[in-house]
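Keep in mind that what you see is a predicted model, and the values were worked out from it rather than measured. Basis for what follows: all heavy atoms, side chains included, without hydrogens, waters or symmetry-related copies.
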Amino acid sequence: MGQGRVNVKWALGSFALALTLPVIAQQAPESLLPPGFGEAPATPAPAPSQPARPAQGPAAPTTPAPAVPVQPPAFALSNDMADNAADEQLSDEEIAAEKAKYDLPENAHRSLDRVGPLTPDRLGMAPKAFGAQSGQFLATLMKQTRAPITSRWASILLRRALLSATDTPGDIEGADWVAERAWLLLRMGEADSARLLVQSVDSDQFTPRLYAIAMQTYLATADPAGLCPLSAGALRFSKEPGWDMTRAICPALSGDQGSASGALNQVQRRGVVRGIDYRLAEKVVGTGFNARRSVKIEWDAVDRLTAWRFGLATALNVPIPDDLYATAGPHVRAWEARAPALSAARRLPGAEVAARLGVFSNKALVGFYSQLGVDGDAPSATADRIDALRTAYSGSSADDRLQAMRTVWQNEARPDFVGLIATARAAAALPVSELSARDAANLVAAMFTAGYDRSAAAWGRLAAQADGDGAGDLWALLAVGAPSPVVDISSGRVSSFAKGADARKTQMLIAALAGLSRLNAKDGASLAQDNGFNLGMTSRWSRAIDAAAGRGETGSVALLAAVGMQTADWNRLPPLHLYHIVAALHRVGLDPEARMIAAEAMTRL
């Protein structure tokens, strides 16, 4: 079907409706990066004597690499509505009539040739970030990527790539290109970012795929009213029950209770939606102006959480049982984290998941805890953490602030990852002093969660003389995460670390250092062999990401990095995957992100 034919088809009625129920525009997404992240230090820290570091890794004979274990789809969508939208045809006469009635002038349309809120001067990637890659190929990668992915930092990078104003590939419709990016963002927990993309397309240019993803997006953001400007267009092709229910929901939200009740009764007679799904829609209708319906929601017979149930229940501030959240993936909790109808206390589980996934920055997480403290309804354990966090940022002495950070971390030997994220800026503000290696390692790990790499590098002088518990962790973090080498990264030093460290952590360290070219090819290959893996092994995936890096495609590399990290557990990520990911990012100029992913591996293993 041609683009013009699609545009006319789905324009029907939506323009007029949009005048009465406008889509609320969202501001540009918050940057998760600290000021100066990725910029070269003004004066690089002096480095110990190092072996030569070539730009490329070792030669790679073709041998299959271990496959990445993937988790099953975590969030089922009722009736597969995101993938199975029906496609109806209009006659030539209908097309001509509708063009005359609803089409906007060409100069009034927003172009679909390049869609995205992030531009190079706003931390976005270049328009050619995906190069000349096939849009169908990229869309397939996006559809098949099981999200959330292993690394918080890899997710932050992928978010940036998906939101960048990149050129639309020639073999895919612009609206479908937006849809696939938004769909992946939703599965990453990035509901607000997905909404930004969906709202970047004029309603008369929607395709069936984008209508399907728009439904998921407005449910994920708990905004059923957002469906109303799209309802008329979607109803002309989609048999999805959710769009049918907008016949009742949208009139109710605009005060037309007569039409809403009539449509609701008709849906009930036809059996379009039953049980909890119907009751939730009925309750939404009951919230409209002049409504006389009182609906009680009971979850006893419900066995899983769907997008429809999450979106309507959250919009209505109807509590969803925790056992139902367990039937969905963690990204749904991240959707919950920003739900405007919920109190901070209700959003607490979601906020902490959102921080782990990279949806919440350090600033957003600290702001959330601050609001929770002001509201005064935090659980007692969380209230204690909020008090400690307040001291960590505003304590009268460095010792007081450090002691408060220890409280937030909970377990100094293996600090809570959310606690590290929450204390990142506090750690960066702490003056370098003679602390234990364990404290220093935790401070550096906290800084790296938010990209304070230059602040972390200042602790390099302590790492050179540190010993005892935490000394190896401090050295490993700085070896991979500092902007320039501030610790000894010789082959002998890596071998020394290996003697007292976990075998998997040692493998990941070697993979990261080789990918960053902080070990030369010979030393990297030898150390890898000594520790049970072969840097020369390749796979179809590794060859694809290496080739994309060779072409300088930052967007393709970011996407393929996510494809290589489809597991929920760092211990199940093959070191070869970390090696190829770090090496590809390093090669295309995304060295800061490569270093932060490597530092995250050292922190979370």
Side-chain angles (χ1 to χ4, degrees), residues 29-30 32 68 70-78 80-83 141-163 179-198 212-223 304-315 320-340 342 346-361 364-365 368 417-418 421 558-559 561-563 565-570 604:
E30 173 204 13
L32 275 70
V68 180
V70 297
Q71 57 201 72
F75 191 63
L77 302 177
S78 58
D80 295 322
M81 59 181 123
D83 291 307
L141 284 182
M142 292 177 188
K143 287 177 184 177
Q144 294 182 355
T145 297
R146 305 291 180 89
I149 58 177
T150 316
S151 167
R152 178 176 187 267
W153 271 103
S155 189
I156 291 170
L157 175 61
L158 180 57
R159 170 184 183 258
R160 178 181 159 202
L162 296 173
L163 286 175
E180 297 312 332
R181 292 152 64 192
W183 182 225
L184 181 50
L185 284 165
L186 284 176
R187 300 184 336 261
M188 293 162 57
E190 298 278 4
D192 289 345
S193 294
R195 179 171 173 152
L196 273 173
L197 282 178
V198 169
I213 301 309
M215 167 70 75
Q216 304 311 302
T217 299
Y218 285 107
L219 292 174
T221 53
D223 181 19
R304 67 190 180 105
L305 189 59
T306 65
W308 181 262
R309 293 163 188 172
F310 169 85
L312 297 195
T314 304
I320 299 172
D322 286 340
D323 61 343
L324 283 182
Y325 273 110
T327 68
H331 59 293
V332 182
R333 283 292 194 185
W335 296 352
E336 177 191 46
R338 290 193 183 274
L342 304 185
R346 284 275 305 282
R347 291 186 288 118
L348 175 60
E352 295 186 342
V353 170
R356 287 191 186 93
L357 297 183
V359 178
F360 268 20
S361 66
L365 182 62
F368 168 79
F417 190 57
V418 172
I421 298 168
L559 176 58
V563 170
M565 302 189 96
Q566 297 178 82
T567 174
D569 185 353
W570 272 97
R604 302 185 74 174

How close do [X] and [Y] get, heavy atom to heavy atom, and via which atoms?
X      : Y      : value
Arg338 : Asp192 : CD-OD2, 2.6 Å
Arg152 : Arg604 : N-NH1, 4.1 Å
Leu162 : Leu197 : O-CD1, 3.7 Å
Ala220 : Phe310 : O-CE2, 3.5 Å
Ile213 : Ala182 : CG2-CB, 3.9 Å
Ala558 : Leu157 : CB-CG, 3.9 Å

Report yes if some heavy atom in the side chain of [X] is under 4.5 Å from a heavy atom in the side chain of [Y]; otherwise report no.
X      : Y      : value
Leu196 : Leu185 : no
Glu352 : Leu348 : yes
Met142 : Leu559 : yes

At what distance, to the nearest 0.5 angstrom, does [atom1] of [X] lie from [atom2] of [Y]?
X      : Y      : atom1 : atom2 : result
Met565 : Ile149 : CE    : CD1   : 6.5 Å
Thr314 : Leu219 : OG1   : CG    : 10.0 Å
Thr145 : Glu180 : OG1   : CD    : 11.0 Å
Tyr325 : Arg304 : OH    : CZ    : 16.0 Å
Leu186 : Trp335 : CG    : CH2   : 5.5 Å
Arg187 : Arg146 : CZ    : CZ    : 9.0 Å

Backbone of [Y] reached by a side-chain donor or acceptor of [X] within 3.5 Å:
X      : Y      : answer
Thr150 : Trp570 : no
Thr217 : Arg195 : no
Gln566 : Val563 : yes

Inset, instruction - Would you please name every residue forming a salt bridge (charged side-chain N to carboxylate O under 4.0 Å, His left out) with Arg333, sequence neighbours left out? - result: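 With neighbours one apart ignored, the set is Asp322, Glu336.
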Inset, instruction - List for me each residue that meets side-chain hydrogen bond (donor to acceptor under 3.5 Å, both in side chains) alongside Arg347, sequence neighbours excluded, and say none if there are none. - result: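 Arg347 satisfies side-chain hydrogen bond (donor to acceptor under 3.5 Å, both in side chains) with no other residue.
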